[in-house]
Every structure is written in C-alpha cells, then in structure tokens.
Amino acid sequence: MIGILQYAAHTRRLQQKLYQPLSEELGLSQLEMELLLFLRNNPDRNTAHDAVTLRGFAKSNVSKAVEVLERKGYIQVQPDASSRRVKRLTLLPGRRQECDRIAQQQKRCFAAILEGFTEDERDALARYFARMDGNVVRALEALEDQ
C-alpha cells in the first residue's frame, strides 16, 4: 500500500518542480495552472463544478482561482444559456501562448512518468487504472448509500 501512496507523492512533487519556474514567471499558482490545463484539455467540461468533480479540487480554491484567472485575462466567466446558476469558463485567445507553455510542462511530466514504457505497457497501465477507478467509485457509492 505504501507504494501507491509514495507514487502519488512523488508524482505530485515532480509536477510541482516542473511547473514551479513557469508558475513564478506567469504569476500563477499551481492550482490556477491546473485549472487552465483542465479547461484547455476538456473544452466540453467548462464549469467550476466540473473541475471540482472531475479533478477533485476544493470548491473554495476553484472559486478563488476562477476570480484570479478572470482578473488576469486568462478566462471569461459567463452564465449558461439554460441555467443562470451555471457559469461557463472559457479560455481567452489572448492567453493561448501561456496556456500552451503550461501544456508543454504537462507533456514533459507525463513523458518523464512513462519513460521506457512500451505502448502495450501504457495500454495495460491505463486498463489497471480504469479498474482501480471502478473499484474506488463502487466503494464511494457503497459508503454514500450507508
């Protein structure tokens, strides 16, 4: 069990170290950059609720990050056409270059993590993670039903 926890901690540390110089240069927090990546990589999942649900970010942290990113001109926040309670987050084209640079750091991180893995091993790893996720989801559902 400690192996999985250690893997997660090491991965997070690698990510922080890779993003740190860009974070300082752009004046963005780790969470702000991760939120930009989430929106860039998932254009159909463009609400704060999506980021909270799918990435596990804390709701209060996402709210603050959205405010900062909007103020700095990275995103536009607009009410949804069908529900004014839902706010759509849109990346602004004027900051595309910065978002692309953050995405390049993400690619470097994934490349480092998967270095030396064959395509078959990567496919197997994806299947294992999908199985693990299914187990976690079922365990959460069972706990919520109690």
Side-chain angles (χ1 to χ4, degrees), residues 1-70 72 74-80 82-83 85-92 95-146:
M1 183 51 115
I2 190 113
I4 292 172
L5 297 175
Q6 203 169 30
Y7 162 76
H10 288 161
T11 300
R12 189 74 177 153
R13 187 164 173 235
L14 172 65
Q15 184 182 33
Q16 289 169 342
K17 285 196 171 282
L18 283 173
Y19 289 162
Q20 184 62 36
L22 197 52
S23 171
E24 291 173 5
E25 180 185 333
L26 299 176
L28 297 173
S29 71
Q30 179 83 23
L31 175 64
E32 291 159 0
M33 291 193 302
E34 288 183 37
L35 183 56
L36 288 172
L37 284 171
F38 176 78
L39 294 170
R40 183 183 186 277
N41 296 337
N42 305 282
D44 58 324
R45 302 294 188 148
N46 60 0
T47 68
H49 178 32
D50 290 333
V52 168
T53 304
L54 297 172
R55 282 298 314 270
F57 297 142
K59 187 176 180 179
S60 61
N61 293 342
V62 170
S63 285
K64 290 176 190 173
V66 165
E67 288 175 19
V68 170
L69 292 171
E70 183 178 29
K72 290 185 176 186
Y74 281 90
I75 63 172
Q76 181 177 30
V77 180
Q78 296 178 305
D80 184 77
S82 61
S83 172
R85 291 178 51 204
V86 175
K87 305 289 187 223
R88 297 286 168 193
L89 311 177
T90 307
L91 291 174
L92 293 173
R95 295 294 194 151
R96 183 182 180 121
Q97 183 180 12
E98 290 95 332
C99 292
D100 288 347
R101 290 178 63 206
I102 298 167
Q104 282 302 111
Q105 289 302 86
Q106 184 182 47
K107 285 182 185 178
R108 283 185 62 205
C109 186
F110 288 143
I113 291 169
L114 296 172
E115 182 179 349
F117 281 74
T118 67
E119 193 64 35
D120 287 343
E121 290 170 329
R122 289 176 187 213
D123 291 342
L125 186 60
R127 287 192 308 274
Y128 297 146
F129 279 131
R131 282 177 52 196
M132 287 170 50
D133 184 57
N135 292 343
V136 169
V137 168
R138 281 189 296 282
L140 286 170
E141 288 170 350
L143 289 170
E144 290 168 359
D145 290 341
Q146 291 181 357

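Computed from heavy atoms alone, side chains included, the values below leave out hydrogens, waters and symmetry copies.
For Arg95 (side chain) and Lys72 (main-chain N/O), a donor-acceptor pair under 3.5 Å exists by modelled atom type.
In this structure, Leu26 and Tyr74 have side chains that are in contact, with non-hydrogen atoms separated by less than 4.5 Å. Leu39 is listed as a side-chain neighbour of Ile75, based on a closest heavy-atom distance under 4.5 Å. Counting heavy atoms from C-beta on, the side chains of Arg138 and Asn135 come closer than 4.5 Å.
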Compile the donor-acceptor pairs under 3.5 Å between side chains in residues 106-117 and protein atoms, sequence neighbours left out, one pair per line.
{"residue": "Gln106", "atom": "OE1", "partner": "Asn41", "partner atom": "ND2", "Å": "3.0"}
{"residue": "Arg108", "atom": "NH1", "partner": "Gln105", "partner atom": "OE1", "Å": "3.2"}

For a quick test of your reading: what N or O donor-acceptor pairs under 3.5 Å do the side chains of residues 124-132 make, sequence neighbours left out?
none

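Here the CE-CD distance, from Met33 to Glu98, works out to 12.5 Å after rounding to the nearest 0.5 Å. Interatomic distance, CG of Leu69 versus CG of Leu36, reported as 4.5 Å (0.5 Å rounding). One finds the CD atom of Gln78 at 5.5 Å from the OG1 atom of Thr90 (value rounded to the nearest 0.5 Å). Rounding to the nearest 0.5 angstrom, the gap separating the CD1 atom in Ile102 from the CD atom in Gln97 is 11.0 Å. Rounded to the nearest 0.5 angstrom, Ser23 OG and Glu25 CD are separated by 10.0 Å. Rounding to the nearest 0.5 Å gives a distance of 12.5 Å between NZ of Lys59 and CG of Asn61.
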Passes side-chain contact (heavy atoms from CB on, under 4.5 Å), Leu28 versus Tyr19? Steps please.
-> CA-CA 10 Å; Leu28 297 173; Tyr19 289 162; over 6 Å; no
Apply the test side-chain contact (heavy atoms from CB on, under 4.5 Å) to residues Val66 and Val77: give CA-CA distance (whole Å), side-chain angles for both, the deciding distance (0.1 Å), then the verdict.
-> CA-CA 8 Å; Val66 165; Val77 180; 3.7 Å; yes
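The two residues Leu31 and Phe57 make their nearest non-hydrogen contact at CD1-CD2, 3.5 Å. Here the closest heavy-atom approach between residue Leu89 and residue Ala48 is recorded as CD1-N, 3.7 Å. Listed here is the closest heavy atom pair of Glu32 and Ala65: CG-CB, 3.9 Å. Shown here for Leu35 and Ala51, the closest heavy-atom pair between the two residues is CD1-CB, 3.7 Å.
Other residues, nucleotides and ligands contribute over 12 non-hydrogen atoms within 6.0 Å of the CZ atom of Arg122.
Between the side chains of Gln20 and Gln16, no donor N or O sits under 3.5 Å from an acceptor N or O. Using a 3.5 Å distance cut-off with no hydrogens or angles, the side chains of Asp80 and Ser82 do pair a donor with an acceptor. Checking Arg12 against Gln15 by side-chain atom types alone, a donor-acceptor pair falls below 3.5 Å.
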